[in-house]
Q: 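Quick one: the structure is below, and I'll ask about it shortly.
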Amino acid sequence: MLKLGLVRDIDLALHLPLRYEDETRITPIGELEEGDTAQVQGEVRDCRVEQSRTRRHLVARLRDGGGELVLRWLHFYPSQQKQLAPGRLVRVRGEVRSGFLGLEIVHPVLKVVEPGTPLPQSLTPVYPSTATLPQAYLRKAVDSALSRAPLDEILPPQALPPGLPPLRAALLALHHPAPGRPLASLEDRSDPAWQRLKYEELLAQQLSQAQAQAERALLRAPSLRAVGPDHLRGRLAAALPFRLTAAQQRVVAEIERDLALDKPMHRLLQGDVGSGKTVVAALAAATAISAGWQCALMAPTEILAEQHFRKLVGWLEPLGVRIAWLTGSRKGKGRKEMLAMVASGEAALVVGTHAVIQDDVQFERLGLAVVDEQHRFGVEQRLALRAKLGARSLESAASGPASSADARPGAPPGASDPPPLEPHLLMMSATPIPRTLAMTYYADLDVSTLDELPPGRTPVLTKIFADDKRDQVIARIRDELAQDAPDAHGGSARRQVYWVCPLVDESEHVDLQNATATHAELSAALPGTMVGLLHGRMPGAEKAAVMSLFTGGQMRVLVATTVIEVGVDVPTASLMVIEHAERFGLAQLHQLRGRVGRGAAASVCVLLYSGPLSPTAKDRLRAMAETSDGFEIARRDLEIRGPGEFMGARQSGDALLRFADLATDTALLEQARETAAWLQREQPQAAALHVARWLGSRQDYLKA
Ligand code: ADP
Ligand code: MG
């Protein structure tokens, strides 16, 4: 039960059924029909083990005066046979199907009963559970918790929408609905009892969000400003090989305004794939470094981190900045050296994967943390970044070596009593945050949007083909490779192709086979062309080698699993084929497609699908062909699928909203939001009690 977060009585009382079983009625055997899920009561006529060629079945026959029903077990214990002694009265439940001997139930739920044993008066709840926790046990635990839990109303009537039942009544109704209660409104959660719980939950969430916000408002951060003549920030801007777009200039200004304040920035930079977020991050980093502080940049995959690393090295090392590189695969001496550079402050910028937030990473003075593709990180990782890096910068400010006393305009005054400083936080994402989510989880998140692509991009043409057109697609690749793509400097570079294979059900093995087979197929079909393979199971060094051959242009075709999904930037790639496109989510397809169309050459994305498509898969592929606007795609994604995975781990097992659904409960959310502000102001005590009742020990999650 701990695993389910069921600690206090109130947690159990709030553990609501997924669905219900109707055990309030007994169906006469004569009225059973195939496909029914029914409860039957009758006398055991006989029970024996039937031996077929391959296995043993336990088969019993049940009689209720009106007819006979076969019960069948494919797996059984000897004790079960004893239980089914002829003449016993039993109550069974399960799905009726037609078998060799007439109607039967396979693996029924069975109870031996005395004549006259009463039927339950209400529907039987089925709770979310784990494999090892039996429903019967959970039901008992919930019932006894329900009788003990303090369920008095905390909220004043003014804080409640009209027409909703009191909390206790709502909970009793949901755990044990009366037989007449319409099941449909219980199961689709539109019942007033459900509304009450959703509202309670949303209110708790809004209140605790507001509290977290108030706490954050007290935090302090170093004020980061590039000052003095000839600072790094200015030199970087002058050295860039392109002019910033107007959108980039605007968001850079927004970010720099935040950095200059002495409270931590908490900003999301959202911009479609290819909109040029990296350079914005680089300028922010340069500002932090100009001010005498370190900057960390964290990316979700090694490939992406490496690409950032190279880009930043290219831009910043000529200007004299040392950059450290930290990933999971970097071990031993190399890692030690990097850690030393980070700890001494010699490395002004640290780029890496989540290895950046590992315990042994000590910053000398971290001023800015940038998280790329932030939705790919879990809540825990974001928390670690805030908490741990915050603590580090605090520690280092307290015990920083005397040698670090050289000109540092942003240095905190006096080492004796350091202010508790947090780093500024910049999160970047190509997936725009839906408004309801922003309202729910990120009430105090500032958002900057890059709504303009750098000039010179040609839109990607998207085509959809059934997999049996594969040969045509391969012929198309041959054509593509025969053409030259003009490069940015007016010269010509050769075109390149991605072929993406999906991740099948997290079974990396199958996934690998698929990619390997495609790699062999393309290598054979394209003699004289270097075709590479990239997948998640390859050692980091090998991945890096393949990536560098592809980036360098020697490798013309890259077969890859979704490891290339985020952030890979090879402007000469002009054709992408996505195999089994029907298995990808819309946001993911858009991310993938964003890998092409980054240069001047007209680019094409081919979506290959196989098999009959489900309606949602059809909708997704159609949406891809119709629009290339990431915001529009996100909107359609929300429509097709609901808010689902936008926020990564937040939506998974630890999802804070267990009952409310942001896609459908917007009206309740708006009300909860208004009420939260009122309640906090007028009755802070009730507000605190309500949050404690609902969130208990899970409040930390809200701070990520
Ligand atoms: P994303 O927002 O998807 O992370 P990137 O930062 O990878 O996009 O930028 C995509 C490409 O566009 C990179 O090659 C980058 O150097 C280039 N780029 C960024 N800004 C500009 C600009 N203002 N003009 C021309 N090219 C740019
Ligand atoms: Mg990027």
Side-chain angles (χ1 to χ4, degrees), residues 236-253 255 267-286 297-316 351-353 370-377 426-432 447-460 485-490 493 496 498 547 550-553 563-574 576 587-601 603 628-631 633-634:
L236 173 60
L240 287 175
F242 45 72
R243 276 177 58 96
L244 295 185
T245 62
Q248 283 169 324
Q249 288 175 20
R250 188 188 69 239
V251 304
V252 165
I255 291 167
R267 186 173 282 276
L268 174 70
L269 169 57
Q270 56 183 25
D272 207 350
V273 279
S275 58
K277 296 183 287 292
T278 316
V279 69
V280 173
L283 286 165
L297 193 155
M298 183 163 88
T301 67
E302 193 145 345
I303 288 187
L304 185 52
E306 161 129 26
Q307 184 176 289
H308 284 320
F309 179 67
R310 285 184 196 206
K311 199 157 244 174
L312 292 163
V313 164
W315 284 334
L316 290 168
V351 179
T353 56
V370 182
V371 184
D372 195 15
E373 308 291 346
Q374 68 92 25
H375 61 288
R376 314 271 312 205
F377 287 97
L426 175 64
M427 298 173 272
M428 308 201 287
S429 177
T431 311
V447 178
S448 292
T449 305
L450 284 176
D451 50 8
E452 178 185 1
L453 293 180
R457 300 281 168 80
T458 43
V460 180
D487 74 12
H489 315 292
Q496 289 170 285
Y498 292 108
M547 233 15 243
F550 191 68
T551 315
V563 289
I564 64 153
E565 182 189 341
V566 285
V568 175
D569 185 34
V570 179
T572 48
S574 53
M576 171 174 284
Q588 214 181 359
L589 285 173
H590 180 65
Q591 284 272 348
L592 283 167
R593 181 173 60 182
R595 303 309 114 214
V596 291
R598 304 197 144 218
S603 299
S628 57
D629 174 346
F631 285 64
I633 293 220

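Quick caveat: nothing in here was measured; it's all calculated off a predicted structure. Nothing fancy with the numbering, it's 1 onward along the sequence. Counting convention: from 1, in listed order, for ligands and their atoms alike.
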Q: Judged by atom type as modelled, is there a donor-acceptor pair below 3.5 Å linking the side chain of Gln496 to the main-chain atoms of Phe550?
A: yes
Q: State the atoms of ligand 1, each with its element, that fall below the 4.0 Å cut-off from a heavy-atom position in Lys311.
A: 13 (C), 14 (O), 15 (C), 16 (O)
Q: I'd like to check which ligand 1 atoms, numbered from 1 as shown, lie under 4.0 Å from a non-hydrogen atom of Arg243.
A: 22 (C), 23 (N), 24 (N)
Q: Answer yes or no: is there a donor N or O on one side and an acceptor on the other, between the side chain of Arg250 and the main chain of Thr449, under 3.5 Å?
A: yes
Q: Compare Leu450, Val273, Thr278, Val570 and give the one whose heavy atom is closest to atom 4 (O) of ligand 1.
A: Thr278
Q: Have a look at Arg598, Gln248, Gln270, Arg595 and point out the one with the heavy atom closest to atom 10 (C) of ligand 1.
A: Arg598
Q: Which heavy atom in Leu268 sits nearest to a heavy atom in Ser429, and how many Å separate them?
A: CD1-CB, 4.1 Å
Q: Taking only heavy atoms of Thr245 into account, list the atoms of ligand 1 that are under 4.0 Å away from them.
A: 23 (N)
Q: Distance alone, cut at 3.5 Å: any donor-acceptor contact between the side chains of Thr353 and Glu302?
A: no
Q: Checking side-chain polar atoms at under 3.5 Å, does Arg593 have a donor or acceptor matched by the opposite partner on Ser628?
A: no
Q: How long is the straight-line distance from NE2 of His308 back to NZ of Lys277, given to the nearest 0.5 Å?
A: 9.0 Å
Q: Does Ser275 come within less than 4.0 angstrom of ligand 1, counting non-hydrogen atoms of the residue?
A: yes
Q: Is the Phe242 ring parallel, tilted or perpendicular to the Trp315 ring (thresholds 30°, 60°)?
A: perpendicular
Q: Does the N or O separation between Trp315 and ligand 1 drop below 3.5 Å for any pair?
A: no
Q: Are Met428 and ligand 1 in contact, using a heavy-atom cut-off of under 4.0 Å?
A: no
Q: Could you establish whether Pro571 and ligand 1 come within less than 4.0 Å of each other, counting only heavy atoms on the residue side?
A: no
Q: Under a 4.0 Å heavy-atom limit, does Leu244 contact ligand 1 with its side chain, its backbone, both, or neither?
A: backbone
Q: For ligand 1, is there an N or O atom under 3.5 Å from any N or O atom of Gly276?
A: yes
Q: Are the side chains of Val273 and Gln591 in touch, meaning some heavy atoms are under 4.5 Å apart?
A: yes
Q: Would you check the N or O atoms of Pro455, main chain and side chain alike, for any that come under 3.5 Å of an N or O of ligand 1?
A: no
